[in-house]
Amino acid sequence: MRRLLLLPIMAVLVYSTPVNAQPFTYQPSTDTSAPADERSGPLNLQAALALTAARSRGLAAAVKEVDAMQGGVIQAGVRPNPELGIDLQDTRRDTRTTAGTISIPIELGGKRAARVTAAERARGVAIADLSAVRADLRAQTVAAFFNVLIAQEQSKLAVASADVAARGFDVASRRVAAGKVSPLEETRASVERANADLEVQQAGFRLRTARQQLSSLWGNAQPNFTEVIGDLDALPSRPPALELAQRLDESPELVLGRAEIERRRAVVGLERARRYPDVRLTVGSQRNNELGLTQTLVGVSIPLPLFDRNQGNLYEALVRADQAEDIYAATYIRLVSDLETASNQLESSRTGAATLQAQIVPSAQEAYRAATLGFEAGKFGFIDVLDAQRTLFLARIRYIATLAESYQAAIALDRILGR
């Protein structure tokens, strides 16, 4: 029996030790750094970016996807297992015939190399997707950070407006008590104060919402930071649209699209290789106890590709490869349009913010100061003060809104280019 099984075992050893085989070494991730913690106190942009990079579950999932695809590359390079068979004819020992065989599948058409290539391209897609996720997460963090910064300014503006409205009500009350103006002026001042107080509440709600949205990016339902700090008046600046368009190939979406095209082409190569049938080689020995003979068994099995030539899978792979190129072209056209739109929006909002900051807001501030002094001196009516007050705060609100548009446009450009 030992001699009977010797030949199959030797065949297994020969099959499992290919000549000139290149060993594959898998290196797992060695990043053991502990995630950053959100501390109480002011928060700057760099700290917010560090928190999202360290604690984002979406980013961690994308990293694990790359690691998982490495297993697919390993599996693609593994050869198919041989099959060991034992066959007994006749249960009586004297007349029994015992055969031991091993069947070795031999892949033809370059299937193994095509599998490895397809698996490597799939891992390349996962790596490109990781870069896209990282760029998108950075853009989300920057956008959420400046949303909080703007909400803080809006809240401060609302509080200042409420203080002004309260002072106006006090002045109007004193002038009504002195008989210098009609009680209608006090009623108007009271309405303005109530509206200002309502705006304080709404601004506080928007600020709490913005803070929660920022902290949720690193997994905290309730933020620990007290405020965000940054220079909101420093308007963002980006190169012209034509210069940015030259960098469009660096866009994470386009990098991901090119990786998907390469993967689809690799799948086409794999399906083409699968058109060729594999050969199964069988070797072994047979012992006939009745005759006292030991015989060597050798066989070859070749499937006949009469009906299944993998034509359907190959057709699907070819169509999907063309589809990937169409998707890439459509993505490129969309990104060109988005880049032009965001660049124009940034230029327009920068111009508007600069004008508001340099001319409109200071003029409205001076007009409100003059109206207030004139009202206290009895030269103007309270309606003049209200008009000047509305003009001032509308200018400030518009300035903050224009700042928000500037940062949104800049962030949109950065998201497109993966900066």
Side-chain angles (χ1 to χ4, degrees), residues 35-59 133-165 195-238 338 342 345-346 348-350 352-353 356-357 361 392-416 419:
D37 293 328
E38 179 190 350
R39 300 177 180 178
S40 60
L43 181 74
N44 58 26
L45 179 58
Q46 295 302 321
L49 291 171
L51 283 168
T52 52
R55 301 180 60 180
S56 170
R57 292 298 183 181
L59 183 60
V133 170
R134 183 177 287 113
D136 186 67
L137 178 63
R138 178 180 176 84
Q140 289 183 43
T141 304
V142 175
F145 180 87
F146 280 102
N147 283 341
V148 176
L149 194 59
I150 289 170
Q152 287 179 173
E153 293 300 317
Q154 290 175 338
S155 179
K156 294 177 183 178
L157 179 60
V159 171
S161 176
D163 291 341
V164 170
N195 287 331
D197 291 340
L198 179 60
E199 179 60 28
V200 171
Q201 296 178 3
Q202 293 177 344
F205 174 77
R206 290 193 295 267
L207 177 57
R208 290 192 299 271
T209 301
R211 284 166 51 85
Q212 187 174 17
Q213 289 176 346
L214 176 59
S215 64
S216 66
L217 292 175
W218 54 77
N220 278 4
Q222 297 297 330
N224 293 328
F225 63 90
T226 56
E227 63 175 346
V228 299
I229 52 176
D231 186 5
L232 192 60
D233 292 331
L235 294 174
S237 176
R238 298 293 182 271
D338 292 346
Q345 181 182 352
L346 176 60
S348 174
S349 56
R350 275 179 53 87
L356 285 164
Q357 184 182 35
V361 173
L392 173 60
F393 285 104
L394 284 176
R396 290 179 175 176
I397 291 173
R398 186 178 180 184
Y399 174 65
I400 294 177
T402 306
L403 285 178
E405 291 177 358
S406 300
Y407 281 101
Q408 289 171 359
I411 292 168
L413 291 173
D414 294 343
R415 188 192 298 267
I416 293 172
R419 296 179 54 180

CA sep, side-chain torsions, deciding dist, call: L413, L346, side-chain contact (heavy atoms from CB on, under 4.5 Å): CA-CA 9 Å; L413 291 173; L346 176 60; 3.9 Å; yes

Among V228, L403, L45, find the one that has a side-chain contact (heavy atoms from CB on, under 4.5 Å) with L149.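 Per the side-chain contact (heavy atoms from CB on, under 4.5 Å) rule, the option paired with L149 is V228, out of V228, L403, L45.
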
Close side-chain approach of [X] and [Y], heavy atoms under 4.5 Å:
X    : Y    : answer
F225 : R211 : yes
V159 : K156 : no
S237 : R350 : yes

Verdict with reasoning, E227 to I229, per side-chain contact (heavy atoms from CB on, under 4.5 Å): CA-CA 7 Å; E227 63 175 346; I229 52 176; 4.2 Å; yes

Looking at every heavy atom in both [X] and [Y], which two are closest together, and how far apart are they?
X    : Y    : value
D197 : A162 : OD1-CB, 3.8 Å
L43  : F145 : O-CE1, 3.5 Å
S406 : P236 : O-CG, 3.7 Å
S215 : Q222 : OG-C, 4.2 Å
S349 : T402 : O-CG2, 3.1 Å
Y399 : Q357 : OH-NE2, 3.3 Å

Could you list the residues that satisfy side-chain contact (heavy atoms from CB on, under 4.5 Å) with [X], not counting sequence neighbours?
X    : answer
F393 : L157, S161, V164, Q389, R396
A144 : L214, L217
N195 : V191
A143 : I411

Donor-acceptor contacts, no H, no angles, side chain residues 135-142, under 3.5 Å, sequence neighbours left out:
unit_1, atom_1, unit_2, atom_2, d
D136, OD1, R415, NH1, 2.3
D136, OD2, Q140, NE2, 2.5
T141, OG1, T52, OG1, 3.3
T141, OG1, L137, O, 2.8

First locate atom CG of N44, then atom CG of L49, and finally report the distance between them rounded to the nearest 0.5 Å. 9.0 Å

Output for pair (I150 CD1, I400 CD1), nearest 0.5 Å, gives 8.0 Å

Report the C-alpha distance between R55 and N220 in whole Å, list the side-chain angles of each, state the deciding distance to 0.1 Å, and finish with yes or no for side-chain contact (heavy atoms from CB on, under 4.5 Å). CA-CA 10 Å; R55 301 180 60 180; N220 278 4; 3.3 Å; yes

Only distances under 3.5 Å count here; give the side-chain donor-acceptor pairs of residues 198-208 to other protein atoms, sequence neighbours excluded, each with its distance to 0.1 Å.
unit_1, atom_1, unit_2, atom_2, d
E199, OE2, R206, NH2, 2.8

Can a donor-acceptor pair be found, under 3.5 Å and without considering hydrogens, that links the side chain of S216 to the backbone of G219? no

